[in-house]
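Written below as structure tokens is the structure these notes are about.
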Amino acid sequence: MRLVTIEGPALGGLVGDDVVALRPALSAAMRAGGEADTAAAVIPDDMVALIADEAAMVAAGRALAFSARAENAVLRVPVASMRLLAPLKPGKILGVGRNYGDHAKEVSGPKLELPRIFMKPSSSVVGPGAAVRIPPAVRKPDWEVELAVVIGRRARNVSEGVALDHVAGYTVLDDISAREFQFDVPLAMTSFAKGMDGFCPMGPCIATADEVGEPWALDLRCWLNDEEVQHGNTRDLIFPVATLIAFLSRYMTLEPGDVIATGTPAGVGHFCDPPRYLKPGDRLRMEVERVGVLEHSIA
């Protein structure tokens, strides 16, 4: 499934290039099956509640399968005519720095023996199509395309062997960063550099784990104003998804709705020659294979 949050807000799913509102679709499916309509009780109001509830996820799948039938096209609305919000409001966003070999090389520094973790606040999250306003005092705003992992089951002290059982799905994330607070100050303020309002565009959907499959070899690409500036693959992660979940869960409980931003490949603006930074009017398109395409602009 590809789950979305529609302006309203309401929960929905993607069927091809269309959006389906889950509750009305489930109601229609139940009526067609001669059942009492309990869709409002089965489908929650909130994405985090949905992905944490196995029965609700089954009901969402039923709603989308019913809507996909040709005779039920009336339940579908073209996605281009809808406003999608960020697919969820994460409890916490855990970022991983220098997690691709090529990016670690362009940043330089010692070889990492452990994942380099920072945090982004949920207040930094905006949805697909957002026009991100960079604070006027920020001089070096930069882009980073990332595969983001959405936790679906509580994880505490889990092993790598079962870590992926705790994943609800994946989304696309732009880890916007004010580089002067990482590289131009005596002590790096990484979480601050990456935690400003709007610095976490996310979406357009949560592609469920069964939809994506194993996250070991997914292509990532970023285009800035139609120019490809990043191209990587998750096979080059220094610390893969399962390793990150196992590591983090040793120190903190991962809850449904938490997000892990797994890192970015080479090609960010700060390490271009000469450096390049985001400016008003810029357009970004970020794609993760089998997950989705996130587009947003800079205001």
Side-chain angles (χ1 to χ4, degrees), residues 2-5 14 17 79-80 83-88 90 93-100 102-103 106 118 120 124-134 140-150 169-179 193-208 211-212 215 217-237 241 259-272 276-299:
R2 297 180 184 275
L3 302 170
V4 298
T5 297
L14 299 180
D17 294 326
V79 69
R83 181 176 176 235
L84 300 184
L85 307 179
L88 80 165
I93 305 164
L94 298 159
V96 188
R98 308 182 189 184
N99 198 27
Y100 282 78
D102 57 356
H103 180 54
E106 72 176 355
F118 60 87
K120 294 172 78 82
S124 66
V125 173
V126 291
V132 176
R133 295 189 178 277
I134 306 297
K140 297 181 177 181
D142 203 351
W143 62 86
E144 294 188 10
V145 60
E146 307 209 6
L147 169 71
V149 180
V150 181
Y170 304 89
T171 191
V172 187
L173 183 152
D174 184 4
D175 179 20
I176 298 177
S177 307
R179 297 301 189 193
K194 295 169 174 285
M196 299 175 191
D197 292 350
F199 275 31
C200 192
M202 183 187 299
C205 66
I206 296 173
T208 54
E211 181 89 10
V212 176
L218 302 176
D219 253 19
L220 298 84
R221 294 175 185 266
C222 173
W223 291 266
L224 173 63
N225 301 326
D226 300 321
E227 175 192 353
E228 185 177 284
V229 290
Q230 287 184 280
H231 182 196
N233 191 287
T234 58
R235 70 169 64 92
D236 299 322
L237 285 170
V241 172
V259 168
I260 303 171
T262 58
T264 197
V268 299
H270 187 74
F271 298 104
C272 291
R276 301 173 63 179
Y277 300 110
L278 295 169
K279 60 186 186 302
D282 281 344
R283 296 172 290 104
L284 290 139
R285 174 184 170 90
M286 299 184 166
E287 180 175 3
V288 178
E289 183 183 5
R290 302 204 304 271
V291 175
V293 176
L294 170 67
E295 296 183 88
H296 75 87
S297 61
I298 303 299

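Starting from 1, each residue takes its place in the sequence as its number.
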Distance in Å, Leu85 CG paired with Arg83 CZ, rounded so as to fall on 0.5 Å steps: 5.5 Å
Leu88/Ile206 under side chain to side chain contact (heavy atoms under 4.5 Å, CB included): CA gap, chis, key distance, verdict: CA-CA 9 Å; Leu88 80 165; Ile206 296 173; 4.1 Å; yes
Point-to-point distance, once rounded to the nearest 0.5 Å, from CD1 of Ile176 to CG of Leu284: 7.0 Å
Which residues share a side-chain hydrogen bond (donor to acceptor under 3.5 Å, both in side chains) with Arg276, sequence neighbours left out: Glu227
Considering all heavy atoms, the nearest Phe271-Glu106 contact: CD2-O, 3.4 Å
Stepwise side chain to side chain donor-acceptor pair (under 3.5 Å) check, His270 with Arg179: CA-CA 7 Å; His270 187 74; Arg179 297 301 189 193; 5.1 Å; no
Residues forming a ring-ring contact (aromatic ring centres under 6.0 Å, His included) with His103, sequence neighbours excluded: none
Heavy-atom check, side chain of Leu94 versus side chain of Val259, under 4.5 Å: no
Distance (rounded to the nearest 0.5 Å) between Thr5 OG1 and Leu84 CG: 8.5 Å
Contact summary for Gln230 and Ala266, nearest pair of heavy atoms: CG-O, 3.3 Å
Pairing of Glu211 and Arg2 as salt bridge, 4.0 angstrom limit: yes
Non-hydrogen side-chain atoms of Cys200 and Asp174 separated by less than 4.5 Å: no
Nearest-0.5 Å distance, CG of residue Leu147 to OG1 of residue Thr171: 9.0 Å
Basic-acidic side-chain contact under 4.0 Å: Asp226, Arg285: no
Intermediate values then yes/no, side chain to side chain contact (heavy atoms under 4.5 Å, CB included), Leu278 and Asp142: CA-CA 6 Å; Leu278 295 169; Asp142 203 351; 5.7 Å; no
Minimum side-chain heavy-atom gap Trp223-Val145 below 4.5 Å: no
Spatial distance of atom CG (Asp219) from atom OG1 (Thr234) [nearest 0.5 Å]: 8.5 Å
Where Leu294 and Gly203 come nearest, the two heavy atoms and their spacing: CB-O, 3.6 Å
Closest contact, heavy atoms only, Val293 versus Pro204: O-CD, 3.0 Å
Minimum heavy-atom distance between Ala130 and His296, given as atom pair plus value: O-CB, 3.2 Å
From CG (Leu173) to CZ (Phe199), nearest 0.5 Å: 13.0 Å
Least distance between heavy atoms, Trp143 atom then Cys222 atom: CD1-SG, 3.9 Å
Arg221/Glu289 ion pair, N-O < 4.0 Å: no
